[in-house]
Amino acid sequence: MAGTKEIKTHIESVRETRKITNAMYLIASTKLRRARAELDNTRPYFNALQREIKRIFRKVSDVESPYFYPVGDDSPLKGTYGCLVITADKGLAGAYNQNAIKQAMKLLEEHPDTKLFVVGEYGRRFFASHNIPIEHSFLYTAQNPTMARAREISALLLDRFDRGELKEIYVIYTDMANSISYEARTARVMPFHRSFFLTAPGEREVREPFEFLPNVAAVLDSMMPSYVSGFIYSALIDSFCCEQSARMTAMDSANQNAENLLGELSLEFNRVRQAAITQEITEVSAGAKAQRKKKGS
């Protein structure tokens, strides 16, 4: 049984750990608010861009473009796939990183001819430790997603796609449905299904006429790189928000466990101290009794 000194040392250690987890919780909450604000400020532009692409397909539904499946053909393409995997730079975020890794491993099992493009130190270390080759690693932190970095990633992937090196491009990221719910997703960004840009039920259809200069294919070829950049930027921000939310949940759970552990340790400390006091009283009482017995004899 541990003595009072060991228990007291353990209590101090738990208190110091609780300070760290509480600080990490506060930092994650601040980063989460900032990232959400940045995402809210940039989403309207890309939503408007998607609406304009929908207008094009309502006007010319049979347009041919390398960024879309052929008309009437949605079957998977044969060849090499490219997959952008977005992870965090560190752990301590529950199952956030592992869920994204599982999606990547599932895609590799279904289509072994897949080249990985990785964002985040956690993903780089995982694939390196499992001897899984990485086609390209973006060597900057996942903690600061910017539009410039999204354009850099988009330019690299689209260049490989335009040259025919990649037949399909996927993005594995973590989507934040609400403040407490998120899940890892595998989204194909190239080529697009035409049905993705059809008017949804209940959505207001805009019928104002407009012209394409020089032609509709050139307009689409100009718009789609911007749309892909916006999608990747949104995926980076979404993943970053989910990482901070997962870290907040993990740190809050750690704080609660620390509180419970401190309660148990305090109770054990009091029991051990009381047992020591009782033992001392017993020893003093027994010694005094022995002294009285000795004097009486």
Do you know which two heavy atoms are closest between Asp175 and Cys242, and how far apart they sit? C-SG, 3.6 Å
For Arg124 versus Asp89, what's the shortest heavy-atom pair and its separation? NH2-OD1, 4.5 Å
Salt bridge present between Lys19 and Glu16 (N-O < 4.0 angstrom): yes
Please tell me whether Phe117 and Phe126 are part of a single hydrophobic cluster in this structure, the criterion being side-chain heavy atoms less than 4.5 Å apart. no
Pairwise distance CD(Glu243) to CD1(Ile86) - rounded to 0.5 angstrom: 11.5 Å
When rounded to the nearest 0.5 Å, the distance separating CE of Met251 from CG of Asn257 is 10.5 Å
For Leu108 and Met105, what are the C-alpha separation, side-chain angles and deciding distance, and is it a side-chain contact (heavy atoms from CB on, under 4.5 Å)? CA-CA 5 Å; Leu108 288 172; Met105 298 304 292; 4.2 Å; yes
I'd like to know if the side chain of Ser253 and the backbone of Ala250 have a donor-acceptor N/O pair within less than 3.5 Å. no
Hey, does Arg185 have a side-chain heavy atom less than 4.5 Å from the side chain of Asp238? no
Do Val228 and Leu166 land in one hydrophobic cluster if side-chain heavy atoms of ILVMFWY residues count as linked below 4.5 Å? yes
Can you tell me how far the OG1 atom of Thr186 sits from the NZ atom of Lys102, to the nearest 0.5 Å? 13.0 Å
Does anything in residues 150-174 pair up under ring pair (Phe, Tyr, Trp, His ring centres under 6.0 Å), and if so which pairs, sequence neighbours excluded? Tyr81-Tyr170
Consider only side-chain heavy atoms of I, L, V, M, F, W and Y, link residues closer than 4.5 Å, and tell whether Ile169 and Val119 are in one cluster. yes
Under 4.5 Å between any side-chain heavy atoms of Cys241 and Ile237, yes or no? yes
So does Ala150 get a backbone contact from the side chain of Ser154, meaning a donor-acceptor N/O pair under 3.5 Å? no
Say whether, by atom type as modelled, one donor and one acceptor occur between the side chain of Arg188 and the main chain of Pro191 under 3.5 angstrom. yes
Gap between atom CD of Glu121 and atom OG of Ser137 - 0.5 Å precision: 7.5 Å
Restricting to side-chain contact (heavy atoms from CB on, under 4.5 Å), what partner residues turn up for Asp159, sequence neighbours left out? Arg163
If the threshold is 4.0 Å, N to carboxylate O, is there a salt bridge linking Arg271 and Glu268? no
Hey, does the side chain of Asn22 reach the backbone of Asn255 with a donor-acceptor pair shorter than 3.5 angstrom? no
Is it the case that more than 12 heavy atoms not belonging to Lys167 sit under 6.0 Å from its NZ atom? no
So which heavy atom on Ile101 is nearest to which on Gly123, and how close? CD1-CA, 4.2 Å
Quick one: pull up CG in Leu261 and CD in Gln256 and give me the separation to the nearest 0.5 Å. 13.5 Å
Which atom names give the shortest non-hydrogen contact between Gly230 and Met147, and what distance separates them? N-CE, 4.0 Å
Are Phe127 and Leu84 grouped together when hydrophobic residues (ILVMFWY) are joined by side-chain heavy atoms under 4.5 angstrom apart? no
Mind listing the closest non-hydrogen atom pair of His111 and Gly79 along with its distance? NE2-O, 2.7 Å
Between Arg160 and Glu135, is there a salt bridge with N-O shorter than 4.0 Å? yes
Check this for me, if you would: do Lys106 and Glu109 make a salt bridge, where the nitrogen-to-carboxylate-oxygen distance has to be below 4.0 angstrom? no
In Å, rounded to the nearest 0.5 Å, how long is the span from CZ of Arg149 to CG of Leu236? 9.5 Å
Would a distance-only check, ignoring hydrogens and angles, find a side-chain to backbone donor-acceptor pair under 3.5 Å from Thr278 to Gln274? yes
Do the side chain of Ser239 and the main chain of Thr174 share a donor and acceptor less than 3.5 angstrom apart? yes
Could you check whether any side-chain heavy atom of Lys115 comes within less than 4.5 Å of a side-chain heavy atom of His136, counting everything from C-beta outward? no
For Pro145 against Tyr233, the heavy-atom pair lying closest together: O-CE1, 3.9 Å
Quick check on the hydrophobic clustering: are Ile232 and Phe138 connected, directly or via other members, by side-chain heavy-atom contacts under 4.5 Å? yes
